[in-house]
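For reference, the structure is listed below as structure tokens.
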Protein chains: 2
Amino acid sequence: MQVDEGSTRWLEPAEMRAWLSYVAGSTLLEAALDRQLQRDSGMPHAYYQILAMLSEAPDRTRRMSDLAAATQSSQSRLSHAVSRLEANGWVRRSQCPDDRRGTLATLTEQGMAVLREAAPGHVRTVREHLFDRLTPEQVEQLTDIWQTVLEGMGDRDGVPAAARAVLGEAAR
Amino acid sequence: MQVDEGSTRWLEPAEMRAWLSYVAGSTLLEAALDRQLQRDSGMPHAYYQILAMLSEAPDRTRRMSDLAAATQSSQSRLSHAVSRLEANGWVRRSQCPDDRRGTLATLTEQGMAVLREAAPGHVRTVREHLFDRLTPEQVEQLTDIWQTVLEGMGDRDGVPAAARAVLGEAAR
DNA sequence: TGGTTGAACTTGAACGTTCAACTACTGGAG
DNA sequence: CTCCAGTAGTTGAACGTTCAAGTTCAACCA
């Protein structure tokens, strides 16, 4: 831990309000998403994101490291998650032909069916708690704020620089 | 799962951009906070929040259910967390005098010391990734957006209505 | 060609969270 | 006073994530 007493720039009152609101709101929102998806489709939000990312890829297939970056996940986390999804029959692993170190993850038909069933309820929950409460201007503000944060996350702190690929995703 | 095919209001392109940006950014931000706190102070962000909330309470003491609401935590989660914090010597449990079902959690001197050591690095990380990149207008926008979300979270979906107490906290 | 560095992925243990009981107590209603 | 519904809190098992190895292969260099 860096010792820095006396020179710490504490949060301004407005920043503290923003921080407490954001932390409380995003925590409760994420909990609501997890509860809804777990209850209705037997998976947490993180697993839904994996299926969703796969569903939009060519051949519904992506390389593990690629998929990890696209879902803001560590390789280990993704590996465990895909193991679980594979056991469910929702994803299939195969050898990457170009690079024998690589592994490809493919969404199965069954996985696609589960995703299609899950999607409406998930979108409804996101709308109910977030977008149906925000003005169009606020939606733009939210985008700008988090794009700014993402730009700063690129090459700092041990975050894999590949995470910046997400920017391309989000802006497409 | 409610069957609702055909009537689902999917996300608009602007909403999808906002959603992907927010999910990616907040996931990476939370991961960065957890990594920094774990590395420098041996605790995750959620535990820091518990210590912080206790530190600002009268007598550095709060009732468990109260503390759970203030930290957007389930009772079970808080109970496990406080057990761990107690084992560390950072928090002490005691019987609530008014209500024999109740338990009070108190921040110890040692816990206060750990929190004081942890705070500068934590604030620095929050600044580095968030506030130092946002304009004052964006800070206000962030507050408004999440206050709006919090207002909608009050009595829906099994979220304890007491979570609205957080609003008071954030607005103080 | 052989050796070294680093990338891709997996594994198992430790940790934190959720979920579903379960205990203990409170605040009425009869 | 007794009963009963509801509140406060804890517990243990299941689950998901992190962390620190470990394995396998690619890329580069000597």
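Throughout, protein chains are lettered first and strands after them, A, B, ... in sequence-line order, and every chain is numbered starting at 1. Side chains are part of it too, since the values below use all heavy atoms of this structure and drop only hydrogens, waters and symmetry mates. Note that the coordinates shown come from a computational prediction; the quantities given were computed from them, not determined experimentally.
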Take atom [atom1] of [X] and atom [atom2] of [N], then tell me their distance rounded to the nearest Å.
X       : N      : atom1 : atom2 : value
B:Arg39 : D:dA20 : CZ    : P     : 12 Å
B:Gln36 : D:dT18 : CD    : P     : 16 Å
B:Leu33 : D:dT18 : CG    : C1'   : 16 Å
B:Tyr47 : C:dT17 : OH    : C1'   : 9 Å
B:Arg35 : D:dC19 : CZ    : P     : 8 Å
A:His45 : C:dT18 : NE2   : P     : 15 Å
B:Asp98 : D:dT7  : CG    : P     : 18 Å
B:Gln95 : D:dA8  : CD    : C1'   : 11 Å

Return yes if the base of D:dT7 and the side-chain atoms of B:Arg101 contain a donor-acceptor N/O pair under 3.5 Å, otherwise no.
yes
When you match A:Ala31 and A:Ser79 each to their closest nucleotide on DNA chain C, which lands nearer the 5' end?
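The answer here is A:Ser79.
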So does [X] get a side-chain nitrogen or oxygen closer than 4.0 Å to the phosphate oxygens (OP1/OP2) of [N]?
X       : N      : answer
B:Arg93 : D:dT10 : yes
B:Ser65 : D:dG9  : yes
B:Arg84 : C:dG16 : yes
A:Arg63 : C:dC9  : yes

Hey, which of these two, A:Met43 or A:Asp99, hits DNA chain D nearer its 5' end, going by closest nucleotide?
A:Met43
What's the verdict on side-chain hydrogen bond (donor to acceptor under 3.5 Å, both in side chains) for B:Ser83 and B:Arg93, showing C-alpha distance, side-chain angles and the deciding distance?
CA-CA 9 Å; B:Ser83 295; B:Arg93 273 193 245 238; 2.5 Å; yes
B:Met43 and B:Leu51: CA distance, side-chain angles, deciding distance, side chain to side chain contact (heavy atoms under 4.5 Å, CB included) verdict
CA-CA 10 Å; B:Met43 67 182 130; B:Leu51 299 188; 3.8 Å; yes
Quick check, are the ring centers of B:Trp146 and B:Tyr22 under 6.0 angstrom apart?
yes
Hey, are B:Arg127 and A:Glu15 close enough for a salt bridge, meaning a charged N less than 4.0 Å from a carboxylate O?
yes
So which nucleotide from D:dC25, D:dA8, C:dT17 ends up closest to the side chain of A:Arg100?
D:dC25
Would the distance check show the side chain of B:Ser73 and the main-chain N or O of B:Ala69 forming a donor-acceptor pair, the cut-off being under 3.5 Å?
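Checking the backbone N and O of B:Ala69 against the side chain of B:Ser73, no donor-acceptor pair under 3.5 Å is found.
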Short side-chain to backbone donor-acceptor contact, A:Asn88 and A:Trp90, under 3.5 Å:
no
Base, sugar-phosphate, or nothing: which does [X] touch, judged by heavy atoms less than 4.0 Å apart?
X        : answer
A:Arg77  : base
B:Thr103 : sugar-phosphate
B:Ser74  : sugar-phosphate

Nearest non-hydrogen partners of A:Ser55 and A:Met112, listed with the distance:
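Distance-wise, the nearest heavy atoms are CB-SD, 3.9 Å.
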Check whether any side-chain heavy atom of B:Leu67 sits under 4.5 Å from a side-chain heavy atom of B:Met53, and report yes or no.
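Of all side-chain heavy-atom pairs linking B:Met53 with B:Leu67, at least one is under 4.5 Å.
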Close N or O pairs between protein and nucleotides 12-14 of chain C (under 3.5 Å):
unit_1: C:dG12; atom_1: O6; unit_2: A:His80; atom_2: NE2; d: 2.8

